[in-house]
Visitor: 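Below is a structure I'd like to ask you about.
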Amino acid sequence: MPLIAGTAGYGAAAEDLARQYESVSFQEVHGETLPFFPPPPGRAVDLGAGSGRDAAALAGLGYDVVAVEPTAELREIGRRTHADAHVHWIDSALPGVEGVRGPFDLVLSVGVWMHLDQRERRTAMERVRSLLAPGGRVVITLRHGPIPVGRRMFDVSLSEVVVLGRRTGLLPLLAREQPDRLGRAGVSWSVVVLEAPRT
C-alpha cells in the first residue's frame with residue numbers, strides 16, 4: 001500500500017477547506033484556551049496555518065506572526081483572504097519546520113498533529129520545544145473520528161501529547177476534550193497547552 005503524505009488531499013480541496021475554516025471564528029475555536037495564550041506583544045508561529053484565520057487573528061491581537069503552511073494552494077488563499085494582516089508566510093511543515101527560527105512566545109498547531117506518525121510526532125515535539133522562548137507555550141489541537149478519504153491521520157491521545165511534552169521538558173497546563181465546531185457526526189477534538197520552563 002503506498003504511503004500517503006500528511007498533506008495529501010489538501011491542495012485539491014483547498015477552496016472548500018478554506019471556506020470551512022473561515023466559517024468558524026478564531027474566538028469560537030480558541031475561546032477556552034485564550035486565557036492560556038501568553039499576552040501580546042510577542043512572537044507567535046502557526047504551524048499548519050491553513051487559510052490564515054488564526055494567524056490573522058493573532059496579528060490583530062498584537063503578536064508578530066509567522067504562518068507556516070506546506071500546501072501552496074492554502075498559502076495563496078491565506079495571503080489573499082487576510083491580505084491586510086501583518087503575517088509572514090513560510091512554506092514549511094512539521095516535523096522539521098525548516099526555515100523557521102525561534103524563539104516564539106506562542107506556538108499554535110491546530111488540526112495538524114494527528115497527521116504525523118509516531119516517529120514524526122517525537123521529532124515534532126523536540127522541534128517545537130526548540131522554538132519556544134523561556135516560559136513560551138504551545139497549543140496543540142487533535143481531531144478524532146472518521147478519516148476523510150485520501151487523507152492520512154492517526155489516532156493520537158491527549159495523554160501521548162502530554163507525555164511527549166514532558167519528555168522534552170514541557171509542562172502541561174491544560175488537556176481537554178472539545179466538540180466539533182462544525183457539528184460533524186463522529187468528529188471530536190482535544191486541546192493540549194504545554195509550557196516551557198521560564199529559566
Side-chain angles (χ1 to χ4, degrees), residues 1-14 16-18 20-21 24 29-30 32-33 36 45-51 53-55 67-75 90-98 100 106-132 137-195:
M1 181 176 176
L3 293 175
I4 301 175
T7 56
Y10 280 86
D16 289 339
L17 288 169
Q20 187 181 94
Y21 300 156
V24 185
V29 174
H30 300 291
E32 280 187 296
T33 53
F36 293 89
V45 60
D46 186 358
L47 303 177
S51 66
R53 177 200 64 201
D54 295 344
V68 175
E69 174 52 53
T71 303
E73 294 87 346
L74 284 172
R75 281 198 314 278
I90 293 180
D91 175 9
S92 192
L94 286 166
V97 201
E98 290 81 7
V100 177
L106 174 65
V107 174
L108 190 61
S109 180
V110 176
V112 174
W113 205 259
M114 68 282 170
H115 290 302
L116 306 174
D117 66 28
Q118 189 173 47
R119 184 176 65 179
E120 289 171 332
R121 294 194 297 272
R122 289 195 299 267
T123 301
M125 189 64 78
E126 291 168 359
R127 180 64 173 126
V128 164
R129 174 68 183 89
S130 76
L131 291 171
L132 285 170
R137 294 178 178 179
V138 55
V139 178
I140 297 171
T141 71
L142 306 165
R143 182 189 189 277
H144 309 287
I147 301 172
V149 175
R151 304 269 181 83
R152 182 183 84 154
M153 292 185 186
F154 300 92
D155 186 16
V156 183
S157 67
L158 277 172
S159 59
E160 181 198 291
V161 178
V162 170
V163 168
L164 282 178
R166 285 188 181 278
R167 287 177 181 169
T168 63
L170 300 177
L171 299 177
L173 301 181
L174 177 74
R176 183 175 297 172
E177 305 291 339
Q178 294 181 323
D180 181 52
R181 306 296 179 189
L182 295 171
R184 291 168 292 190
V187 177
S188 63
W189 293 78
S190 314
V191 60
V192 182
V193 181
L194 305 169
E195 182 179 62

Visitor: Any side-chain to backbone donor/acceptor pair from Thr168 onto Glu126? Under 3.5 Å, distance only.
Guide: no
Visitor: Any chance CD of Gln118 has more than 12 other-residue heavy atoms, nucleotides or ligands included, within less than 6.0 Å?
Guide: no
Visitor: Pick from Leu194, Val107, Leu170: which one makes a side-chain contact (heavy atoms from CB on, under 4.5 Å) with Arg129?
Guide: Leu170
Visitor: Whether the side chain of Arg53 engages the backbone of Tyr21 through a donor-acceptor N/O pair (distance < 3.5 Å, no angle test) should be reported.
Guide: yes
Visitor: Any side-chain heavy atom of Leu182 sitting closer than 4.5 Å to one from Gln20?
Guide: yes
Visitor: Sort and list the pairs that fulfil salt bridge (Lys or Arg N to Asp or Glu O under 4.0 Å) and have at least one residue in residues 106-124, not counting sequence neighbours.
Guide: Glu120-Arg152, Arg121-Glu160
Visitor: Could you walk me through whether Val45 and Val68 satisfy the side chain to side chain contact (heavy atoms under 4.5 Å, CB included) test, starting with their C-alpha distance in whole Å, then the side-chain angles of each, then the deciding distance to 0.1 Å, before giving a yes or no?
Guide: CA-CA 7 Å; Val45 60; Val68 175; 3.8 Å; yes
Visitor: Would you confirm whether Arg75, through its side chain, and Glu69, through its main-chain N or O, come within 3.5 Å as a donor-acceptor pair?
Guide: yes
Visitor: Assess the residue pair Asp155 and Met114 against the criterion (side chain to side chain contact (heavy atoms under 4.5 Å, CB included)); give the C-alpha distance rounded to whole Å, side-chain angles, the decisive distance to 0.1 Å, and a yes or no.
Guide: CA-CA 7 Å; Asp155 186 16; Met114 68 282 170; over 6 Å; no
Visitor: Looking only at non-hydrogen atoms, find the nearest pair between Val162 and Ala175 and report the distance.
Guide: CG2-CB, 4.4 Å
Visitor: Could you tell me if the side chain of Gln178 sits less than 4.5 Å from the side chain of Val29, heavy atoms only?
Guide: no
Visitor: List the atom of His30, the atom of Asp54, and the distance in Å for their closest heavy-atom pair.
Guide: NE2-OD2, 3.0 Å
Visitor: Measuring from atom CG of Leu106 to atom CZ of Arg137, what distance do you get when rounded to the nearest 0.5 angstrom?
Guide: 9.5 Å
Visitor: Decide yes or no on side chain to side chain contact (heavy atoms under 4.5 Å, CB included) for Phe154 and Leu116, but give the supporting numbers first.
Guide: CA-CA 7 Å; Phe154 300 92; Leu116 306 174; 5.8 Å; no
Visitor: Donor-acceptor check, side chain of Arg143 to backbone of Gly111, threshold 3.5 angstrom: yes or no?
Guide: no
Visitor: Do Asp180 and Trp189 make a side-chain contact, defined as non-hydrogen atoms from C-beta onward lying under 4.5 Å apart?
Guide: yes
Visitor: Any side-chain heavy atom of Val128 within less than 4.5 Å of one from Leu47?
Guide: yes
Visitor: Going by the salt bridge (Lys or Arg N to Asp or Glu O under 4.0 Å) test, which pairs reach into residues 163-179, not counting sequence neighbours?
Guide: Glu32-Arg176
Visitor: Evaluate the side-chain proximity of Val161 to Val163: yes if any heavy-atom separation is below 4.5 Å, no if none is.
Guide: no
Visitor: Of the non-hydrogen atoms in Pro146 and Gly186, which two are nearest, and what is the gap between them?
Guide: CD-O, 3.5 Å
Visitor: List the steps, then state whether side chain to side chain contact (heavy atoms under 4.5 Å, CB included) holds for Leu94 with Val97.
Guide: CA-CA 5 Å; Leu94 286 166; Val97 201; 3.5 Å; yes
Visitor: Quick one, Met125 and Ile140 - any side-chain contact, counting heavy atoms below 4.5 Å?
Guide: yes
Visitor: Within the distance-only criterion (no hydrogens, no angle test), does the side chain of Ser188 pair as donor or acceptor with the backbone N or O of Pro179 below 3.5 angstrom?
Guide: no
Visitor: Do Leu174 and Thr33 touch side chain to side chain, with heavy atoms closer than 4.5 Å?
Guide: yes
